[in-house]
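Heads up: the structure comes next, in structure tokens.
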Amino acid sequence: MKQLNFVIENATGLHARPAKVFVKTAKQFKADIRISHGSKKVNAKSLIAVLGLGVKHGGAVQVDLDGEDEELAAEALQTAVSAGLGEDDAAHKPVQKPAPQPIVANGKVKTAVPKLPKDGLAGIGAAPGVAIGPVFQLRQTALKLTNEFAGVDAEQAKLDEALAAGKAALHALQQQMQAHAPDEAAIFEVHQELLTDDDLLEAVQQKIQTRQNAGQAWRATIEERAAIMAALDDPLLAARAADIRDVGNRILKLLAGDGAANDVAWPDHPVVVIAHDLTPSDTATLDPKRVLGFATAVGGPTAHSAIIARALSLPAVVSVGDGLLKIGDGTAVILNGSSGIIQVNPDAAAQEKAKNELAAAKKQQQAAREQANEPAITLDNHRMEIAANIGGAADAVKANASGAEGVGLLRTEFLFLDRATPPTEDEQFEVYRQIAEAMEGKPVIIRTLDIGGDKPLPYVQVPPEENPFLGERGIRLCLNRPELLREQLRAILRAASYGSLRIMFPMVADMSEWRAAKAMVDEIRAELNAPELPVGIMIEIPAAAVMADVFAKEVDFFSIGTNDLTQYTLAMDRMHPTLAGKSDGLHPSVLRLIDATVKGAHAAGKWVGICGELGADPQATPILLGLGVDELSVSVPSIATVKAKIRTLTRTEAQKLAAQALACATAQEVRKLVGS
Ligand code: PEP
Ligand code: MG
């Protein structure tokens, strides 16, 4: 008898992929292996049972092993967990943020751009692009199962045959997706694993023993398991219920004699697909020659189907509401995957207009790229600085070549991810030096390590937290581990003479944190006899925005992290599968905090940048300009378009618009005010 205790460090806990690796490892051994979390104890060789534990990031689990190869099994599991359970390349990276969602909607016509015709519908834009064409509704056909029972052995044989065919189809799907979206392809590997789940198969067998036929037994078992998963108090894990149903349906179709999983009678012309929802395998099997784009009544922008749509470059709108399904087959629509707007029955002129707009947008992008190296100056001669958000030295080279006037945010956590130990001072120095040199003397803001919350590190143990986003993250974590921060500051200060470096602290809530961190900079600078350099803070906690006038007396600059500032102001988790789309940085509450920050900074002669996603949102540009923000730091591909947008604006008009936006009641009102 052997026992192991782990803390699960994977960013989203024991979710699909890490759970699959854990279970696969356990299955290689004969020993009886049980895993427990809280009051639940389950078979560690059953993927569904392990998922059902609902272990979140930082969750503690106990593993009990009993059998002749228990030692070997314990060692293998220990190694698998230490190696990140198959997520060494992804788990410890921050989970990808959903693209900024300009429109919050659920079935109602919303104030948006383009202006909605009477028959418009609005959802959440999930994959950019425009699709123009007739609608085709993908309907879930109810499968007819017979009551016939051919005998226990014959039913078991039917099930085995369907499982083998299902696995082969999933394997093919996984291979097909691999080239477009390797991360998403992994979901089909999880689906294959679900089909070998001991607990699940045992439960089906038991039902067959009680004279249910293979189809009935399979359907009942899948429903039981999906219901348990759906009831979990964790949206990410509860979403796995959809995967269980998806894979369950695939086998059910085979058992019902439907043959191929895709038995839809497609029209012979390209269509815009509408559906209540699309499973990952529905989306992955959409044929780009037949499908121009799709819209679903439910679903969120971070669901697997939305991510697959982006990978396949299929324009998509989700969460439109049930009104979507009232559109009859063959009805013409214009679907805009960026704004989330669907125009129903547009006349020929509107269709022509949409086509022309699409072509014009392409042309505009091209023109913006050609002027990327020119400064961003408004029509009334006000210059705004446009810098880049980068994650490492390679990005710096691209940023410099793409017209960036500096680096507004270097997310240094990328140097700390994907490794078992922190980078040494020398390794860090080398990277900071390379970035300073690549930017050829332009300012480079190096943000000190921002981990915790959504960004755990394997070698920095943070005790399990109920609310990691409200826990030990950013500067709080670094001040509690001064050696980590000290090494990083030494590396930055040593690299300072190779360019124009600045230091920025993340997640500052309180003056005492700023003062402690700044004191450390001063101490190390004196030790190294390094040049003086500007030191600032991120404004991403409402407390810091409200106190900006006080901070401004001591800091050299502010950069507003609108991703976190929005999350904390609206109390909406920035990665929440359904709320993330509603968490809009143009909410007047967030704008008022930006306004307070700019006023506080300017009164003390300090400057303010924006480094959150809002900086690249075209509807936000005039408002941020009008509020007096001095710099926008955006992802490298957005530099040219943000600059081009500023060249179309006047500062005086933008100031009027900003004043009106501050007086709005909702984010939708602000977006309506701005227009395109
Ligand atoms: C932000 O919060 O807006 C920000 C830029 O920081 P990060 O996205 O890295 O948390
Ligand atoms: Mg942040």
Side-chain angles (χ1 to χ4, degrees), residues 100 102 113 338 357 360-361 363-389 399-400 402-409 442-443 445 539 548 557-560 562 585-586 588 590-603 605-664 667 669-676:
V113 178
S338 305
E357 277 170 4
K363 229 167 126 186
Q364 245 179 25
Q365 269 168 11
Q366 183 53 33
R369 269 199 294 273
E370 280 162 19
Q371 287 203 311
N373 286 311
E374 305 300 318
I377 300 175
T378 61
L379 296 169
D380 51 355
N381 223 15
H382 174 76
R383 180 168 177 174
M384 208 165 178
E385 236 173 83
I386 308 302
N389 290 347
N400 197 42
S402 307
E405 293 164 330
V407 167
L409 170 65
K442 296 173 191 165
I445 299 179
I539 298 284
F557 64 89
F558 292 136
S559 184
I560 305 177
T562 50
L586 276 187
V590 181
L591 296 180
R592 287 177 186 214
L593 291 175
I594 296 175
D595 184 48
T597 305
V598 174
K599 288 196 172 118
H602 287 181
K606 308 291 165 64
W607 68 268
V608 181
I610 298 264
C611 61
E613 302 289 324
L614 194 68
D617 180 337
Q619 283 188 295
T621 316
I623 295 182
L624 299 176
L625 167 71
L627 288 174
V629 169
D630 302 288
E631 174 237 46
L632 297 177
S633 189
V634 300
S635 66
V636 173
S638 299
I639 293 169
T641 40
V642 171
K643 281 185 167 183
K645 176 85 191 177
I646 289 166
R647 294 187 195 113
T648 66
L649 304 170
T650 63
R651 191 187 188 194
T652 37
E653 284 304 313
Q655 283 166 339
K656 283 185 212 150
L657 192 72
Q660 286 173 298
L662 289 173
C664 282
E669 276 183 34
V670 175
R671 291 198 179 272
K672 183 180 180 189
L673 179 74
V674 182
S676 51

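Computed over heavy atoms, backbone and side chain alike; hydrogens, waters and symmetry mates excluded. Counting begins at 1 with the first residue of the sequence. Note that this is a predicted model, so its numbers are computed, not measured.
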[atom1]-[atom2] distance between [X] and [Y], expressed to the nearest 0.5 angstrom:
{"X": "Gln365", "Y": "Arg369", "atom1": "CD", "atom2": "CZ", "answer": "6.0 Å"}
{"X": "Leu632", "Y": "Ser638", "atom1": "CG", "atom2": "OG", "answer": "10.5 Å"}
{"X": "Asp630", "Y": "His382", "atom1": "CG", "atom2": "NE2", "answer": "7.0 Å"}
{"X": "Leu625", "Y": "Thr652", "atom1": "CG", "atom2": "OG1", "answer": "9.5 Å"}
{"X": "His602", "Y": "Thr597", "atom1": "NE2", "atom2": "OG1", "answer": "10.5 Å"}
{"X": "Ile623", "Y": "Leu591", "atom1": "CD1", "atom2": "CG", "answer": "5.5 Å"}

Given Gln619 and Val670, is the side-chain contact (heavy atoms from CB on, under 4.5 Å) satisfied, shown in steps?
-> CA-CA 9 Å; Gln619 283 188 295; Val670 175; over 6 Å; no
[X] vs [Y] side-chain heavy atoms within contact, under 4.5 Å:
{"X": "Phe557", "Y": "Ile445", "value": "yes"}
{"X": "Leu409", "Y": "Ser559", "value": "no"}
{"X": "Thr378", "Y": "Ile646", "value": "yes"}
{"X": "Met384", "Y": "Thr621", "value": "no"}
{"X": "Asp380", "Y": "Glu653", "value": "no"}
{"X": "Glu631", "Y": "Trp607", "value": "yes"}
{"X": "Pro618", "Y": "Thr641", "value": "no"}
{"X": "Leu614", "Y": "Ile594", "value": "yes"}

Compare every heavy atom of [Y] with every heavy atom of [X], then report the nearest pair and how far apart it is.
{"X": "Ala387", "Y": "Gly408", "result": "CB-N, 3.5 Å"}
{"X": "Ser402", "Y": "Ala372", "result": "O-CB, 3.7 Å"}
{"X": "Val636", "Y": "Ala388", "result": "CG2-CB, 4.2 Å"}
{"X": "Ala404", "Y": "Ile639", "result": "CB-CD1, 3.6 Å"}
{"X": "Glu405", "Y": "Glu385", "result": "OE1-CA, 3.3 Å"}
{"X": "Leu657", "Y": "Pro622", "result": "CD2-CB, 3.7 Å"}

For the pair Glu669 and Lys672, find out whether any cationic side-chain nitrogen is under 4.0 Å from an anionic carboxylate oxygen.
-> no
Check whether any side-chain N or O of Lys643 sits under 3.5 Å from a backbone N or O of Glu374 as a donor-acceptor pair, and report yes or no.
-> yes
Ignoring hydrogens and angles, tell me if any N or O in the side chain of Arg651 forms a donor-acceptor pair with the backbone of Arg383 under 3.5 Å.
-> no
Determine, stepwise, if the pair Leu593 / Ile539 fulfils side-chain contact (heavy atoms from CB on, under 4.5 Å).
-> CA-CA 9 Å; Leu593 291 175; Ile539 298 284; over 6 Å; no
